[in-house]
Structures are given as C-alpha cells and as structure tokens.
Amino acid sequence: MMSRLPSYASRAGRRLGASLRAPWFYLRLAQFLLGLTAMGLGLAVMLEAGVGVGPWAVFHEGLARVTPLTFGQALVAVGVVVLSLAWWWTGQRPGPGTFVNMVMVGPWVDVFRASGWVPSPTEFLPGVAQFLIGVVILGTASGMYITARFGAGPRDGFVLGLSRLLGRSVRRTRTYLEIAVLAIGFLLGGTVGIGTALFAMTIGPSMQFSMWAFTQAMPRAPRPAAGD
C-alpha cells in the first residue's frame, strides 16, 4: 500500500496542476464545497428530527457508545476504514476531495447542531417531515459533490465501487449496504427509529436522481482544438 502512495500522489498532483488552469475548475470547486456543507446540514436536520437516525449514523452512534470516540470522531474513523476498502477492494480510487470530505462533514454536522438554527420537533409527524427533508438535502448534497468530480466521499465511493464490482445499480447497492450497517450499529447500541427505516428506503433513489440531475446540469469543458 505504501509503495503506491508516492506514485498516486504524483499523478494527483499533476492532475490538480492541470485542473487549476482549466476554466471550469472553480465552478466545480464551489459545487463540491457547497455539497459538503449541505451534507453536514442534511445530517444535522435528520439527527435533530428525533425520529431515529440513518443506518450509518446508527453505526457511528453505536461505535461512540462502545469506544471513547465522539460521534464526529467515529464518523471520521469509519471514513478512513471505508476509504481503504473502497480503494483496495473495489478499485474505486479516491480523489483529492475524498480526503477533504472525510475530515469536513463531521465538523459541519457539529456546527449546524450547535448553531440553534435546526429545529428539534417535539411531535412525531413534524419530526418525520423534518427527517424526510433531511434525506432530500443529503441525497442532493451527495449528487452535488460527486458530480463535481473531486472524488466521492469514503462511503459514497464505496457504494460506487461496490455497485460496479457487483454489477448492481447505485440505488440497490446503497440500500443493501445501509441495511447491513444498520444491523451492526443496532447491535452496538445505536438508536433505531422510524427515521432509520425511512432513510434506508429513500436515500438510494434520492442519491441516484441527484447524480443524474447534476450530471445533466453540469457544464462540459470545451474540447481542445485539433493540434492543441
């Protein structure tokens, strides 16, 4: 693994240098950073809804219960493990943005939850409605930062790589993976509620539609002229 890192870093550095000279780079960068911010917001909205959390959040919460890690620290630590699996097992190589995603989303969740801007409903139906809004935000954010092409986040990269490896759609692959992670998180003591089931059933279609929509909307870089 270590022998591959220098060559990979060199290639990534050359690609980044070329990208900095491309006209669409800064538009993509803004889309990517906005997507990461929206991911933090979507997770905060779902956590504050009070009707359960998504499967990965159940896993992070369960891990935090059985280790000294906080929720955000567990999110980052799991990201490192999942990134390794995505890269070496499925062949889904990380981009520069993968590492940024791995360390930024957790802090954004903490910022939004501590800000007081996100409501915390005390009744069930408003909580469910807020949770579903959070799913839409998270699915939209996933499509936003993935189609910016800086590299998918650790978990989404694993979904994409596993989907390609198994020959299954992103929707089905993510749904099956969410169910497996949920089971492990529950055994570790993570909180499960109606929102957990809703997330497992809706995040795959939301993510797939968002990827399609942003792929259609993203401007294409002009092709180089002959002889360039």
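Keep in mind that what you see is a predicted model, and the values were worked out from it rather than measured.
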What's the spacing between [X] [atom1] and [Y] [atom2] if we round to 0.5 Å?
X	Y	atom1	atom2	answer
Met144	Leu34	CE	CG	4.5 Å
Ser115	Leu41	OG	CG	9.0 Å
Ile179	Ile184	CD1	CD1	12.5 Å
Leu187	Leu182	CG	CG	9.5 Å
Gln92	Leu160	CD	CG	5.0 Å
Ser142	Met211	OG	CE	9.0 Å

- Note on the structure: By salt bridge (Lys or Arg N to Asp or Glu O under 4.0 Å), Glu48 pairs with (sequence neighbours left out) Arg113
Any donor-acceptor N/O pair, [X] side chain to [Y] backbone, under 3.5 Å:
X	Y	result
Arg155	Val82	no
Ser210	Met207	no
Ser163	Arg168	yes
Arg164	Thr90	yes

- Message: Before you tell me yes or no, could you show the steps for Val135 and Met46 under side chain to side chain contact (heavy atoms under 4.5 Å, CB included), namely the whole-Å CA-CA distance, both residues' side-chain angles and the distance that decides it to 0.1 Å?
- Response: CA-CA 7 Å; Val135 172; Met46 289 188 294; 3.7 Å; yes
Would you name the heavy atoms of [X] and [Y] that are closest together and state the gap between them?
X	Y	answer
Val45	Gln130	O-NE2, 3.0 Å
Thr173	Val159	CG2-O, 3.7 Å
Val53	Phe131	CA-CE1, 4.2 Å
Val181	Phe59	CG1-CB, 3.5 Å
Gly127	Pro121	N-CB, 3.8 Å
Phe158	Leu177	CD2-CD2, 3.7 Å

Side chains of residues 199-206: which donor-acceptor pairs under 3.5 Å do they make with residues two or more places apart or in other chains?
from: Thr202; atom 1: OG1; to: Leu198; atom 2: O; distance (Å): 2.6

- Contacts of Phe124 meeting side chain to side chain contact (heavy atoms under 4.5 Å, CB included) (sequence neighbours excluded), chain-then-number -> Val51, Val128, Ile194
- Note on the structure: By side chain to side chain contact (heavy atoms under 4.5 Å, CB included), Ile133 pairs with (sequence neighbours left out) Ile137
- Task: Just jot down the side chain to side chain donor-acceptor pair (under 3.5 Å) partners of Arg172, sequence neighbours excluded, or say none.
- Result: none
Please say yes or no: joined through hydrophobic side-chain contacts below 4.5 Å, possibly via intermediate residues, are [X] and [Y] part of one cluster?
X	Y	answer
Leu132	Val136	no
Trp56	Leu188	yes
Val105	Val76	no

- Message: Is a donor from one side chain sitting under 3.5 angstrom from an acceptor on the other, for Gln31 and Thr147?
- Response: yes
- Query: Please walk me through it: do Leu43 and Phe112 pass side chain to side chain contact (heavy atoms under 4.5 Å, CB included)?
  - Reply: CA-CA 9 Å; Leu43 287 168; Phe112 282 116; over 6 Å; no
- Before giving the answer on side chain to side chain contact (heavy atoms under 4.5 Å, CB included), spell out for Thr140 and Phe214 the whole-Å C-alpha distance, their side-chain angles and the decisive distance to 0.1 Å. CA-CA 9 Å; Thr140 301; Phe214 279 103; 3.9 Å; yes
- Message: Parallel, tilted or perpendicular, judged at 30° and 60°: which one describes the rings of Phe209 and Trp212?
- Response: tilted
- Item | Met39 vs Trp108, side chain to side chain contact (heavy atoms under 4.5 Å, CB included): CA-CA, chis, key distance, verdict | CA-CA 8 Å; Met39 282 199 73; Trp108 270 124; over 6 Å; no
- Query: How about Phe150 and Phe25: are their ring centres within less than 6.0 Å of each other?
  - Reply: yes
- Message: With side-chain hydrogen bond (donor to acceptor under 3.5 Å, both in side chains) as the rule and sequence neighbours excluded, what pairs involving residues 175-197 come up?
- Response: Glu61-Thr191, Arg174-Glu178
